Structure formats: structure tokens, C-alpha cells
Engineer: 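Can you keep this structure in mind? I'll have questions shortly.
Naming convention: chains lettered A, B, ... in sequence-line order (proteins, then strands); numbering from 1 in each chain. When reading the values below, keep in mind they use all heavy atoms of this one structure, side chains included, and skip hydrogens, waters and symmetry mates. Since this is a predicted model, take the numbers as computed values, not measurements.
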Protein chains: 2
Amino acid sequence: MKIATYNVNGINGRLPVLLRWLEEAQPDVVCLQELKAPQQRFPIKEINAAGYNAIWNGQKSWNGVAILAKDLEITEVQRSLPGDPEDIQSRYIEAIINQTVICCLYLPNGNPYPGPKFDYKIAWIKRLKKRINQLIKMDLPAVVIGDFNIIPTASDVYKSERWEDNALYRKEVKTAYKQILKKGWTDAIRTLYPEETIYTFWDYLYNSYSRNAGMRLDHILLSPYLAGNLKSGGVDKHVRGWEKSSDHAPVWIILD
Amino acid sequence: MKIATYNVNGINGRLPVLLRWLEEAQPDVVCLQELKAPQQRFPIKEINAAGYNAIWNGQKSWNGVAILAKDLEITEVQRSLPGDPEDIQSRYIEAIINQTVICCLYLPNGNPYPGPKFDYKIAWIKRLKKRINQLIKMDLPAVVIGDFNIIPTASDVYKSERWEDNALYRKEVKTAYKQILKKGWTDAIRTLYPEETIYTFWDYLYNSYSRNAGMRLDHILLSPYLAGNLKSGGVDKHVRGWEKSSDHAPVWIILD
DNA sequence: GCAAGGCTAG
DNA sequence: CTAGCCTTGC
């Protein structure tokens, strides 16, 4: 089973690129972030025509997440991250597909630091930990996947020294990520490539992509149940170079 | 010499359509209206690459006029319509090309009627008459061409009875147009096709184009000196059906 | 319905 | 830089 994540940065503006990549990559399951479209404006017709079922959680202008699956039933489990009924941002959707729990997330960016947006990010991570640690406790086959807006280590960003006070790289955030791994989650891409420089995001500004001034923000975490099934994985970096591309590239793994 | 007018409704958004039409129609002289681009954002490089010289009078967001010519020298005569130094709208540009005076105009729409915008339109027409009647008095070969925002007669609009109070069809405006013709200007398209229903504009709304609910707003007037040289002319109506088209279609004549 | 610009967020 | 939304004008 090939499982991928792609922050599309606008599902409607990105549709031609998304369809082109789906056709090329043929993933079985795809988690999308930053739909930037209200629930009714998700292009379900075109997604269906490409051979995918989908569930999604839209929001006007910002955020929005979706899970797509090809020839597999999608059983929706959660449409929001438990723990804060006041939180109305569409950043989380969870489903069972092919006997595997798929947790698709778009974690808050948190900038500027310090401030309420950073506090919201930290609180959101806390809720996430609670949710996903339950999955481990229940010994379920689970994948936590999406745009974490977290740069895990200095190797995951170009010129890390410039990012110390950025919410993507603040020590509170890196610590939280480490704690998640410590509970038993496997960072699939880093496990496959322990030493390589791997980025999943390049800013639209400053010619970041051509200078390869990127960062690794999009992650795929495997529960202990699944860790041994990891076959391969990677970043479809070339997609970032396509005309009208997102600022993120798709990330994928294959589980057997 | 083939001379055309085309209200592009945004020169930058319309560039692919404009270049496609230039390639297809091969006009020698083209007058453009509604550039909707400041002076510095006119795509002169692409226009040059298509084989055209150009002069233009840009304005941020609104209006804007240009004259293009292929293999012909453009001698700019006026960058605004004389008679009101306070008028800063970019609606007029005049040049001599191939020994012919080309007056390219984008006449004010004038809606809503009544009101200051309508008064501005009437005042603008008065200034125009003054300018172009001088050209006749001097017995010059001259073409007054562009988007007049005037529906000359009931035959020039779908369901004329609905338009009596619209600034495009108000009697003051129709009367002014008739007065212009009376001074000796020849409405080239109407002269070539005295009886046909000919439209040059179809609103983006209400499926106007597919219902052919249009109007004739773009005109080419010939001075007496040139009237006998009119060979042929027409409206490139099919261009209005192209993907991402303007709401106007190009209008052209051939003079010998 | 469409284009531009100004806004906000990244 | 880029997307979406809002406003303005037609």
C-alpha cells in the first residue's frame, strides 16, 4: 500500500497539478492539506473521475484536509482533533482504510513566536499527542501523516541557525516532536534515509527551490505495529518544479 | 492596410488570446482598449516578439489604450484627448501610421444614468467631436476607432427596448453619434453591412454570447478622404468564443 | 462573469 | 511569491 501526503496549498488552483501527480505516482491513499476551500467547493467530481474516493473537512480561505483512496473503502473516524470543542479550524481528519488508521493533519504554523498563534500550536500538539498515543496503547496499525509545520532537527532545514526563533523550529516544538517519537512512532522518511538532506517544502520567495533552500515539514509516522512493514519511501521533489506547483512536494511511503 | 480594434479587457490576462488572434488575423494596425495595466506593465516584450511596434497610454486598474503596428512606423500625435487638462483617465491616443491619422479611443461607459459619470461621457464626446472635426476640416486621411460605448441604433442591440435608460443607448448619446456621422464620418461596418445584425460585445453574464444577446459598441469611422478606400471589414466574432476571451470581439477593416 | 488591486496569511 | 477573498467597475 502506497500512502502519500501533499500540502496542495489550494485544492482548486492546484487541481491540474494534483491530477497529474496522482496519475504519475498512483498512490493508494493520499492525505491532502491546505485545501483552502469551503466544504462545498471541494472538487469531488474531478477527484472521483481520477479514480479516488475522498472524505474532506473544508474551511473557507484557510486550512482544510482530505483523505483520498483508490479502490479502498474509507471509514471516517474523526473530523476534528479531540480535546477542544472551541477549535473550529479544519486541521484534522481520521479514517480507517485497509485496516489501518490514517490520521491526516495540518498542524498550526504557529508564527509569529512568541504569541497566541504559537500557544495554539503548542496546545494543538498536546491534543495530538493524547490522541495518537491512545492508538499506540491500543496497539493499532496507524499512520500519522501530514504537514506538521515542524522542522525536527538541524539537518532538516537550510541554514538552521537562522530559524531558532521561528515557530517551525522553536525548541518547544522540536522537543514535542522528539517526545512523540519516543512514545514509539517511527519517522518513516528519516528512518529510510538517516543521513540525507531531505526537504519537503521550498518557499515561493527568494528562488528557494532552485537554491534548494528548503525544509522538511511533511512527515509520515508509523505506529510500532506498522514499523516493520515499511518498504520504501521518498519525496517527489520534481513536482515542486512543475508549473503552478504548490510550495510543498508530495511525500510517500510503501507499506507491505 | 488592415486596421482593427479590440477591447481586450485586461492586456495581461488576455495576452495569450491577443497573440493568438494577431497571428490568425495579421492586422497591420491594431487599437486596443481597456489595458487595465499601468504604463510599466504593458507586455511590450511579447508584443514586439509577435512582430508589432506599439505606443500605449496605461493606467492602474482601469482604462488604458494602445496602438500596435506591424512593419510600420508609429508617430505619436496625442496621448490624451484635448480640451480638459483635469481629465487624467487614459482613454485616448492618436498617431500617424502609414500617412493616416489613427485616433484610438475608449469612450466612457457613462452608467449609471443620470449622474456625474453620464455627464462626463457627454462632455468627453463633445471634446471628441471638436478634435475629430478638425481632422475633417483639414481634409486628412483619418480613422477614429475604438470602443465608443455607444449603441448607434435599435438594430445594434438585442432587445433595444430594454436599454432606453442605459448610458450606452440614451438618446443624447445616439444623437451625438449621428451628429458625428453627419459631419462626414463613415461608420465603416454599418456601411459594408447596411442591414445585418452585427454585435461586437456580449456580456459575460447571462450566457449572452450563446444567446447572441450582444451589442455593437466598437466602431471604425473613416474621414471623407478615406471613405472611398474601404474594401472590406467585419467582426471576428468567433474570438469571443475562445477560452478566456474578452467580452468584446475584434473589429477590422481593410483600406486600399 | 470577469479582471485588477489590496488584503491577509504562509 | 502565491492563493483566496473582497471590492470596484463594467
Side-chain angles (χ1 to χ4, degrees), chain A residues 7-18 33-38 41-42 58-64 89 91 106-113 115 117-118 120-121 147 149 166-168 201-211 213-215 217 240 242-248, chain B residues 7-18 33-38 41-42 58-64 89 91 106-113 115-118 120-121 147 149 166-168 201-211 213 215 217 240 242-248:
Chain A
N7 178 322
V8 288
N9 189 13
I11 183 68
N12 285 299
R14 202 70 58 223
L15 199 55
V17 165
L18 174 62
Q33 303 85 35
E34 280 205 85
L35 303 180
K36 288 185 169 178
R41 297 204 37 213
F42 184 85
Q59 179 181 332
K60 188 166 77 168
S61 297
W62 312 116
N63 313 313
Q89 298 188 24
R91 297 180 169 278
Y106 173 52
L107 211 141
N109 176 294
N111 279 304
Y113 166 84
K117 294 194 174 185
F118 187 76
Y120 173 64
K121 178 176 194 167
D147 178 358
N149 271 315
N166 189 290
L168 306 179
F201 166 90
W202 298 261
D203 205 304
Y204 287 124
L205 289 84
Y206 324 118
N207 278 92
S208 303
Y209 181 63
S210 58
R211 297 185 301 119
M215 40 183 85
L217 300 180
R240 178 62 178 82
W242 289 353
E243 191 81 353
K244 296 240 110 206
S245 109
S246 169
D247 41 5
H248 293 250
Chain B
N7 178 321
V8 289
N9 190 12
I11 183 69
N12 285 298
R14 202 69 58 223
L15 198 56
V17 165
L18 173 63
Q33 302 86 36
E34 282 205 82
L35 304 180
K36 287 184 170 181
R41 296 202 39 213
F42 184 85
Q59 179 180 331
K60 188 164 79 168
S61 296
W62 313 116
N63 313 314
Q89 299 188 25
R91 295 181 171 277
Y106 174 51
L107 210 142
N109 176 293
N111 279 303
Y113 166 84
K117 294 194 173 185
F118 187 76
Y120 172 64
K121 177 175 195 167
D147 178 357
N149 271 315
N166 189 289
L168 306 179
F201 166 91
W202 297 261
D203 205 305
Y204 286 124
L205 291 84
Y206 323 118
N207 277 95
S208 302
Y209 181 63
S210 59
R211 296 185 301 120
M215 41 183 85
L217 300 179
R240 177 62 179 81
W242 288 354
E243 192 82 354
K244 298 240 110 209
S245 111
S246 169
D247 41 7
H248 293 249

Engineer: Taking the side chain of A:S61 as its heavy atoms from C-beta onward, which of D:dT2, D:dG4, C:dA4 lies nearest to it?
Structural biologist: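 Looking only at heavy atoms from C-beta outward on A:S61, the closest nucleotide is D:dG4.
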Engineer: NZ/B:K36 to CG/B:N9 distance, rounded to the nearest 0.5 angstrom?
Structural biologist: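 It comes to 4.0 Å.
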Engineer: Distance check needed: D:dT2 P versus A:W202 CH2, whole Å only.
Structural biologist: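 These atoms are roughly 16 Å apart.
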Engineer: Between C:dG10, D:dC10, D:dC5, which one does the side chain of A:Y106 approach most closely?
Structural biologist: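 Of C:dG10, D:dC10, D:dC5, C:dG10 is nearest to the side chain of A:Y106.
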Engineer: For the OH atom on B:Y206, are there more than 12 heavy atoms of other groups (residues, nucleotides or ligands in this structure) within a distance under 6.0 Å?
Structural biologist: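 It does not: B:Y206 OH has 12 such atoms or fewer within range.
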Engineer: What's the closest nucleotide to the A:L205 side chain, out of C:dA4, C:dG10, D:dG4?
Structural biologist: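 Shortest atom-to-atom distance from the side chain points to C:dG10.
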Engineer: Using atom NZ of A:K60 as one end and atom P of C:dA9 as the other, report the distance to the nearest whole Å.
Structural biologist: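 Going from NZ in A:K60 over to P in C:dA9 covers 14 Å.
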Engineer: Hey, does the side chain of B:K36 come within less than 4.0 Å of C:dC2's phosphate (OP1/OP2), counting only N and O?
Structural biologist: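 Indeed not, no polar side-chain atom of B:K36 lies that close.
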Engineer: How close or far is atom C1' of C:dA9 from atom CG of A:N111, stated in whole angstroms?
Structural biologist: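 Whole-Å distance recorded here is 11 Å.
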Engineer: Expressed as a whole number of angstroms, how long is the span from B:E34:CD to C:dG1:P?
Structural biologist: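 Nearest whole value for this atom pair: 19 Å.
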Engineer: Roughly, in whole Å, what's the span from CD1 in A:I11 to P in D:dA3?
Structural biologist: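 Taking CD1 of A:I11 and P of D:dA3, I get 13 Å after rounding.
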Engineer: Atom CE of A:M215 and atom CG of A:D203: how far apart are they, to the nearest 0.5 Å?
Structural biologist: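 Taking CE in A:M215 and CG in A:D203, the distance rounds to 7.5 Å.
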Engineer: Given atom CG of A:N207 and atom P of D:dT2, what is their separation to the nearest angstrom?
Structural biologist: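 Checked: the CG to P distance equals 10 Å.
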Engineer: Taking the side chain as C-beta and beyond, is there a heavy-atom pair between A:Y106 and A:E34 under 4.5 Å?
Structural biologist: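 Side-chain contact under 4.5 Å: yes.
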Engineer: Nearest to the side chain of B:P38 - C:dG5, C:dT8, C:dG10?
Structural biologist: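 The listed nucleotide nearest to B:P38's side chain is C:dG5.
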Engineer: Roughly how many Å is it from CG in B:L15 to P in C:dA3, rounded to a whole number?
Structural biologist: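 The distance from CG of B:L15 to P of C:dA3 comes to 13 Å, rounded to the nearest Å.
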Engineer: Considering heavy-atom distances to DNA chain D, does A:N12 or B:N9 have its closest nucleotide positioned more toward the 5' end?
Structural biologist: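 Its nucleotide being nearer the 5' end, the pick is A:N12.
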Engineer: If I compare all heavy atoms of A:W202 with all of A:R240, which pair ends up nearest, and what's the gap?
Structural biologist: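 Closest heavy-atom pair between A:W202 and A:R240: O-NH2, 2.7 Å.
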Engineer: Looking at the side chain of A:W62, which of D:dC10, C:dA3, C:dA9 is the nearest nucleotide?
Structural biologist: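 So the nucleotide nearest the side chain must be C:dA9.
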Engineer: Can a side chain N or O of A:R41 be found less than 4.0 Å away from OP1 or OP2 on D:dC5?
Structural biologist: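 Answer is yes, contact under 4.0 Å.
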Engineer: Let me know the distance between CD of B:Q59 and P of C:dA4, rounded to the nearest Å.
Structural biologist: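 Going from CD in B:Q59 over to P in C:dA4 covers 14 Å.
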Engineer: Ignoring the backbone of A:Y204, work out which of D:dA3, D:dT2, D:dC5 is nearest its side chain.
Structural biologist: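 Nearest listed nucleotide: D:dT2.
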Engineer: Taking the nucleotide of DNA chain D with the closest heavy atom to each, which residue, A:D203 or A:L35, is nearer the 5' end?
Structural biologist: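 Closer to the 5' end of DNA chain D: A:D203.
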